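Report on one structure; see the data block that follows.
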Amino acid sequence: MRGCIPCYFFQVAFAAMALTFPPSTLMAQDAHFHNAPASSNQLKNPYAGQQTAVAAGARLYSANCGACHGSAGQGTGNIPPLAHGPTQSASDGEVFWFITTGSVDNGMPSWASMSEQNRWQIVTYLKLLKNSTSATTNASATGDFKPVKTNAPPPQPPFTDFRYEEPGKTRKITVQDLPAPYATATASNGPQVVARPSGAWPKAPAGFTVQQYATGLYNPRLIRTAPNGDFFLAESSAGDIKVFRGITSDGKPERVDTFAAGLNEPYGIAFYPPGNNPQWIYVGDTESVVRFPYKNGDMKASGPPEHIVDLPHGSGHWTRDLQFTADGKKMFVAVGSASNVDDPDTTPQEKNRADILEFSPDGSDMRVYAYGIRNAGGGLAINPKTGELWCSVNERDGLGDNLVPDYITHVEEGGFYGWPWWYIGNHQDPRHEGKHPELKDKAIVPDVLLQPHNASLEMTFYEGKQFPSEYQGDIFASEHGSWNRSVRTGYEVIRVPLHQTNRATGDYEDFLTGFVVDNGHVWGRPVGITVAQDGSLLVTDDGSNSIWRVSYTGHL
Ligand code: HEC
C-alpha cells in the first residue's frame, strides 16, 4: 500500500472533474492504530487493571503527557484526546507500541527512553480513562496552582498572544507577514485547565453583556439552533446530543433534555431538509453519518439512528461537521487529516481525509468537493445570504510560533488549499521539499488568516436582530486555543466583519476574551457558537464545561 501515487491522482481527478463513485469504496481500511505492526497486538499488559499501576500511571501521565493531551486525556488544541477515540479502541499492545515509537514529525515524542514498566503503567492508566468521571471536570477542583509567568517580549504585530487580546481590537495577517519555517523553535505549551478563578468572566466589547447560560455539562462541543429555536448540543465524549429550550429572564434554559445517546463521538449536527420544517437531524459521528427522525419541538429522538454513510476514520482529527446546501440536494462533510503532515501519496490512512466531502443526502454519490484542507471538521457554515460554503480550519504544527496561520475562508468547488505539500498559497512545507511542483500555483490563499495555532473551531453567520446593524451578516468563530506556541493564543471568540459585502477582507476582531489565567493555565476554551432566535450569541466552552450567552444591552 506504500507509494500510493494513484490515491493522489484520484483526489485531483475527483475534485477537478466532479466524478462520483459509490460510497462503498470510501470505507476506510481498518488499518491498525498508527500502522502498529500486527505483533504489537500480541504484547500483553502485565499490569492490566492493577490499582497500583493505575496510580503510578496517573502520576507519569500528568508529568509527561498531560500538558499536550490534557489533564484528563481530553485532548488540547489539535492534539488528540486519549480518554476517547482510537486510543480506547486500540489494544493495550498497540498503544504501548505507539507510545514507544511516537510520531516525531507530527509532534508526538518517542518514549522509548522511559522504562517498559512505566510505559505499561501509563497504558493501564489510559485504558481506565474511558469511563472515568474525572474527564467530566477538566478543571482542578482546588484552584491552587503555581502561576506560569512569561517574560517573552511583546509579539510583533500582526501576530499576538493572550496578553494582548482585547475585545474590539482589529487584526489582519497577510501573506507578506509570514515568517520562514522554523524561525522559532516548535513549542509544547498545552494548557492546564483550572477552575474559573473568582471574578474571572468572559469579556465582550462595550455594550455587550455576558451571562452563563448552562453549566455542569460533559465536554460540550458543537451547538446549533434548530428552526424552532431549540439549541442542539453535541457532548462528544459522552456520546450524546442534548437539547436546550428557551431563555429565562435570568438567562437560563427553560428545559433541557437528552435527544439521543450512545453515539460515537458525535460532533456535526444538521437539520434536513433545510427550511422551517425539518424531518431529520443528521449527526456527524467520527466514523459515520447517522440521522434521527425529527419534527419541530421534539426533545427526544422518536426512533433509532439510521446509518447514512461510513466516513474515513482512524487516528487524528475526529470531529466531523456537516452542512446541507440551501436547496437540500447535497451534504458536505468535513473530514480532517489523520496526522499533522503525513503525505497522502504514501500514507493510506490519509485517503479522503483533509478534505471536504460531498454526498447526496442518502449518503450516495460521494466526491471530494475541496481538498488539502487539513481540518475543517471543527466548523462548516453556509452563508445564508449567498448559499456559499465556508469553513474554519486548523492548520499544521511544528514550523514555529507564527506558522502556519489557521484560517476562515469561503470554499471553492474543486479547490486545493495546500495540505500537506504547500501552505497559504505557494509556500512549500519544508517536510515535503520538492514534492508536487504542479500544485504550487493551484494552492488557494484563504480569505482570513488567523493567529497560527489558534485552533479555530465552529463558525456561524450573524443574522440576528439584536446586535447593532454593523454586525449583520458577519462571521463569529470560536478559537479553542494553542498548544504549539510559546506564548498561547486563541482562547477567544472572534468576529470576521464582512462589511455587508458577503466577502471577507482579511481582517478580524477579538470579540470575547478573558479565558486565560497565565501562560500555563486557562479556565475556558470556546468550541461551539450559534445565534439564538432572540439574536444573542451562545458559545460552548469545554474548559469550564458551560455555555456562555452574549447579548447586546448597550446603546451606541
Ligand atoms: C509535545 C506534545 C505531546 C506530548 C508531551 C505527548 N504527546 Fe502523545 N501525541 C501528540 C501528538 C501531536 C499526537 C498526534 C500524532 C499523530 O497524529 O501522528 C499524539 C498522539 C498520541 C497518541 C495517539 C492518539 C490518537 O488518537 O491517534 C497516543 C496514544 C499518545 N499520543 C500518548 C501519549 C502519552 C502516553 C504521552 C506521555 C508519555 C504523550 N502522548 C505525550 C503530542 C504529544
Side-chain angles (χ1 to χ4, degrees), residues 28 31-36 40 45 53-54 56-130 185-192 236-237 264-265 286-287 313-319 336-344 347 349-350 353-354 374-375 377 394-399 419-420 431 453 455 482-486:
H32 289 286
F33 185 65
H34 289 273
N35 275 340
S40 63
N45 181 350
V54 173
R59 280 192 301 275
L60 288 161
Y61 177 86
S62 135
N64 298 292
C65 326
C68 285
H69 289 284
S71 56
Q74 74 275 20
T76 65
N78 37 28
I79 300 190
L82 305 179
H84 56 100
T87 301
Q88 294 299 335
S89 41
S91 67
D92 285 19
E94 287 173 323
V95 176
F96 178 85
W97 173 85
F98 184 67
I99 295 172
T100 307
T101 314
S103 173
V104 176
D105 278 355
N106 293 322
M108 166 64 184
S110 151
W111 298 91
S113 59
M114 187 185 269
S115 75
E116 252 189 52
Q117 181 189 22
N118 286 354
R119 276 176 272 150
W120 279 121
Q121 287 166 332
I122 294 182
V123 172
T124 311
Y125 166 71
L126 287 180
K127 287 298 187 176
L128 276 185
L129 282 177
K130 186 170 193 168
T186 181
S188 172
N189 186 23
Q192 188 183 344
S236 304
S237 306
N264 181 9
E265 297 184 84
T286 194
E287 299 189 356
H313 61 271
S315 53
H317 296 112
W318 58 271
T319 60
S337 65
S339 67
N340 182 25
V341 278
D342 287 353
D343 189 337
T347 314
Q349 286 78 0
E350 294 292 356
R353 301 194 60 165
R374 182 170 175 276
N375 184 25
N394 298 170
E395 258 292 353
R396 68 206 81 180
D397 299 316
L399 294 181
W419 189 89
R431 294 160 293 199
H453 314 298
S482 67
W483 68 271
N484 192 218
R485 208 166 183 287
S486 57

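Position 1 is the first residue of the sequence, and the numbers go up from there. Indexing begins at 1, ligand by ligand and atom by atom, following the structure's order. Since the model is a prediction, treat every value here as computed from it, not as a measurement.
Using the six-membered ring where Trp is involved, Tyr125 and Tyr61 have ring planes that are tilted, between 30° and 60° apart. Ring geometry for Phe98 against His34 counts as parallel: the plane angle stays under 30°, on a 0 to 90° scale with 60° as the upper cut.
Expressed to the nearest 0.5 Å, how far OG1 of Thr124 lies from CG of Asn45 amounts to 4.0 Å. Atom CG of Asn264 and atom NE2 of His313 lie 8.5 Å apart (nearest 0.5 Å). The distance from atom CG of Asn484 to atom CG of Asn189, rounded to the nearest 0.5 Å, is 9.5 Å. Once rounded to the nearest 0.5 Å, the distance linking CD of Glu395 with CG of Asn340 reads 9.0 Å.
At least one heavy atom of Ala338 sits less than 4.0 Å from an atom of ligand 1. Distances from ligand 1 to the non-hydrogen atoms of Pro109 include at least one value under 4.0 Å. Not a single heavy atom of Tyr61 lies less than 4.0 angstrom from ligand 1. The shortest heavy-atom distance from His34 to ligand 1 is under 4.0 Å. Note on ligand 1: Pro86 sits in its first shell, one or more heavy atoms being nearer than 4.0 Å.
His84 has its ring centre less than 6.0 Å from the ring centre of Trp318.
Within the 4.0 Å heavy-atom criterion, both parts of Asn106, backbone and side chain, lie near ligand 1. At a heavy-atom distance under 4.0 Å, only side-chain atoms of Leu82, from C-beta outward, approach ligand 1. Counting heavy atoms under 4.0 Å from ligand 1, residue Phe33 touches it through the side chain alone.
Residues Ser188 and Cys68 have side chains in contact (heavy-atom distance under 4.5 Å, counting atoms from C-beta outward).
The shortest heavy-atom contact between Val95 and Thr87 is CG2-O, 3.7 Å. Nearest heavy atoms, Arg431 versus Asp397: NH1-O, 2.8 Å. Pairing each heavy atom of Leu126 with each of Gln88, the nearest pair is O-NE2, 2.9 Å.
Ligand 1 places these atoms under 4.0 Å from at least one heavy atom of Ile122: 35 (C), 38 (C). Within the listing of ligand 1, atoms 35 (C) sit less than 4.0 angstrom from a heavy atom of Ile99. Here is the list of ligand 1 atoms found below 4.0 Å of a heavy atom in Gly107: 1 (C), 2 (C), 3 (C), 10 (C), 12 (C), 42 (C), 43 (C). Taking every non-hydrogen atom of Asn64 and a distance limit under 4.0 Å, the qualifying atoms of ligand 1 come out as 5 (C), 37 (C), 41 (C).
Just one of Asn64, Thr101, Thr100, Leu60 meets the side-chain contact (heavy atoms from CB on, under 4.5 Å) condition when paired with Trp111; it is Asn64.
For a threshold of 3.5 Å applied to N or O pairs, the pair formed by His69 and ligand 1 contains at least one separation below that value. At a 3.5 angstrom cut-off on N or O pairs, Ser188 does not count as close to ligand 1. Note: no N/O pair closer than 3.5 Å links Trp483 and ligand 1 by distance alone.
Remark: side-chain polar atoms of Thr319 are paired, donor with acceptor, to backbone N or O of Gly377 under 3.5 angstrom.
Ranking the protein heavy atoms by distance from atom 37 (C) of ligand 1 puts Cys65 SG, 1.9 Å first. Scanning all protein heavy atoms for the shortest distance to atom 18 (O) of ligand 1 gives Ser103 OG, 2.9 Å. Atom 22 (C) of ligand 1 has as its closest protein heavy atom Phe98 CE2, 3.2 Å. The protein non-hydrogen atom at the shortest distance from atom 24 (C) of ligand 1 is Thr87 OG1, 3.4 Å.
The residue from Gln88, Met108, Met114, Arg119 that puts a heavy atom closest to atom 11 (C) of ligand 1 is Met108. Considering Cys68, Pro80, Ser337 only, the shortest heavy-atom separation from atom 1 (C) of ligand 1 involves Cys68.
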